[in-house]
Amino acid sequence: MDQNYFPPLTNLLQLSCIFIFFLLTRSSTTASRATVDPHYLACVNKTCGDGQNISFPFYIKDQQQSFCGFPGFELSCNNAGNPILGLPGGDNQYIIHHIFYNNQTLRVSNSAFWDMKSSTSGSGGNYCDVFTSFKNLSFPSDHQFEFVGDHKTQVSVLYNCSRGTGDNRTLSERLVSKKVDGCWNGDEDSVVAVDEDDPDLGLAREECTEMVVTPVEGYGGESTAMITRLRGGFRMKWTASNCSVCEQSGGKCGFDNSTYHFKCFCPDRPHAWHCTGRPDSFQ
Ligand SMILES: *[C@@H]1O[C@H](CO)[C@@H](O)[C@H](O)[C@H]1NC(C)=O
Ligand SMILES: *[C@@H]1O[C@H](CO)[C@@H](O)[C@H](O)[C@H]1NC(C)=O
Ligand SMILES: *[C@@H]1O[C@H](CO)[C@@H](O)[C@H](O)[C@H]1NC(C)=O
Ligand SMILES: *[C@@H]1O[C@H](CO)[C@@H](O)[C@H](O)[C@H]1NC(C)=O
Ligand SMILES: *[C@@H]1O[C@H](CO)[C@@H](O)[C@H](O)[C@H]1NC(C)=O
Ligand SMILES: *[C@@H]1O[C@H](CO)[C@@H](O)[C@H](O)[C@H]1NC(C)=O
Ligand SMILES: *[C@@H]1O[C@H](CO)[C@@H](O)[C@H](O)[C@H]1NC(C)=O
Ligand SMILES: *[C@@H]1O[C@H](CO)[C@@H](O)[C@H](O)[C@H]1NC(C)=O
């Protein structure tokens with residue numbers, strides 16, 4: 001193409017028109033994007049894979065922004081697709097089985113009771129290695145989590161049980177039935193679990209070293225195997241800002257880290273408690 005056929009002025013005009021057009025389209029797309037607040041866009045429900053909705057006050061580290069949740073409600077995901085809550089004050093990992101957003105409760109159990117099952121499939125070694133990092137549950141003093149439930153009992157988990165000495169270390173017959181499934185690597189490595197009202201608790205404390213005391217709810221009743229009860233876990237109530245007013249106004253609940261306050265992320269901008277205007281028009 002020979003550009004010299006066009007007079008220079010026309011050429012310049014053409015270029016300017018293209019440039020102005022480019023500017024206009026660019027600024028208009030930027031403007032339409034800017035009308036929806038990025039916090040609002042960012043805070044969508046996620047799942048670890050098991051289908052549970054993870055939303056305020058919880059947020060999944062690496063999947064959701066921390067401003068979509070409340071401080072202290074950070075979750076991670078395990079390989080099985082369960083959300084994991086790591087309560088402060090220990091390395092304990094709690095599998096979240098169900099979150100009841102309607103009454104701010106959740107059911108959890110220590111993941112060690114699930115991990116020991118898969119560790120039995122390995123050859124050799126101590127089947128109950130997973131218990132080495134076991135700690136008593138300790139809640140932070142801010143009452144973010146508290147136990148709920150009527151049929152809760154305290155179960156003692158004990159290990160290093162023996163009557164004899166040296167090579168002849170055996171478990172008392174009465175404690176054999178208290179062995180937790182999955183820890184069958186000989187008596188000396190037995191892990192036993194005993195209810196707080198079990199008359200053999202004293203015997204177990206004599207023969208074994210106590211590891212932890214963990215709350216367990218009566219899922220399935222007394223006849224249910226101890227390991228099933230341990231895996232069923234217990235319920236806790238959480239305390240965080242009430243999300244429902246914000247949610248009902250069309251917003252997404254979140255948290256402002258700089259002011260350390262609840263925020264309601266609305267399509268237009270973050271609000272203090274709820275959205276104003278007609279949220280439907282932003283769909
Ligand atoms: C997740 O949320 C959606 C939308 O409210 C709902 O339809 C679905 O049943 C929820 N899933 C679970 C497992 O609660
Ligand atoms: C997100 O999950 C919560 C809790 O299950 C549910 O109430 C809400 O409807 C979900 N929101 C969407 C957009 O799915
Ligand atoms: C949250 O607020 C709503 C509406 O005010 C109320 O119905 C609900 O019971 C509250 N939820 C909790 C857990 O306090
Ligand atoms: C919370 O709600 C669920 C069902 O929505 C119910 O099964 C559970 O008992 C309730 N928990 C409390 C502590 O009220
Ligand atoms: C195992 O039990 C013996 C007493 O029977 C105790 O001296 C020892 O410290 C215990 N070992 C561990 C690792 O707790
Ligand atoms: C080990 O102890 C049991 C009873 O506690 C006893 O019957 C058995 O003979 C002992 N074995 C050895 C080798 O000492
Ligand atoms: C857990 O608590 C029980 C009694 O409440 C105690 O005997 C045990 O040593 C504690 N375990 C740890 C690891 O602190
Ligand atoms: C809150 O902000 C501080 C400083 O800006 C930062 O160090 C901290 O990691 C933030 N916390 C969360 C949960 O984002």
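If you read the sequence from its start, that first residue is 1, and numbering goes on from there. Order of listing sets the numbers, starting from 1, for every ligand and every atom in it.
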Exercise for review: Check whether any N or O atom of Asn45, backbone or side chain, sits under 3.5 Å from an N or O atom of ligand 1, and answer yes or no.
Suggested key: no
**Study point:** Atoms in ligand 1 with a heavy atom of Gly51 nearer than 4.0 Å
**Key:** 13 (C)
Point to revise | Minimum heavy-atom distance between Lys252 and Cys43, given as atom pair plus value | key: CD-O, 2.8 Å
**Study point:** Minimum-distance pair of heavy atoms, taken over all atoms of Ser109 and Gly233
**Key:** CB-CA, 3.5 Å
Practice item. Scan Asn103, Thr105, Ile99 and name whichever one has a side-chain contact (heavy atoms from CB on, under 4.5 Å) with Tyr101. Key: Ile99
**Study point:** With sequence neighbours excluded, residues passing ring pair (Phe, Tyr, Trp, His ring centres under 6.0 Å) with His274
**Key:** none
Practice item. Anything with a heavy atom under 4.0 Å from ligand 3 counts, so go ahead and list those protein residues by chain and number. Key: Gln104, Asn242, Ser244
Check your understanding: Under 30°, 30 to 60°, or over 60°: which ring-plane class applies to Phe262 and Trp273, parallel, tilted or perpendicular?
Key -> parallel
Study note, to complete from the structure: When rounded to the nearest 0.5 Å, the distance separating OG of Ser55 from CG of Asn45 is 4.5 Å
Review point. Is the centre of the Tyr59 ring less than 6.0 Å from the centre of the Phe67 ring?
Key: no
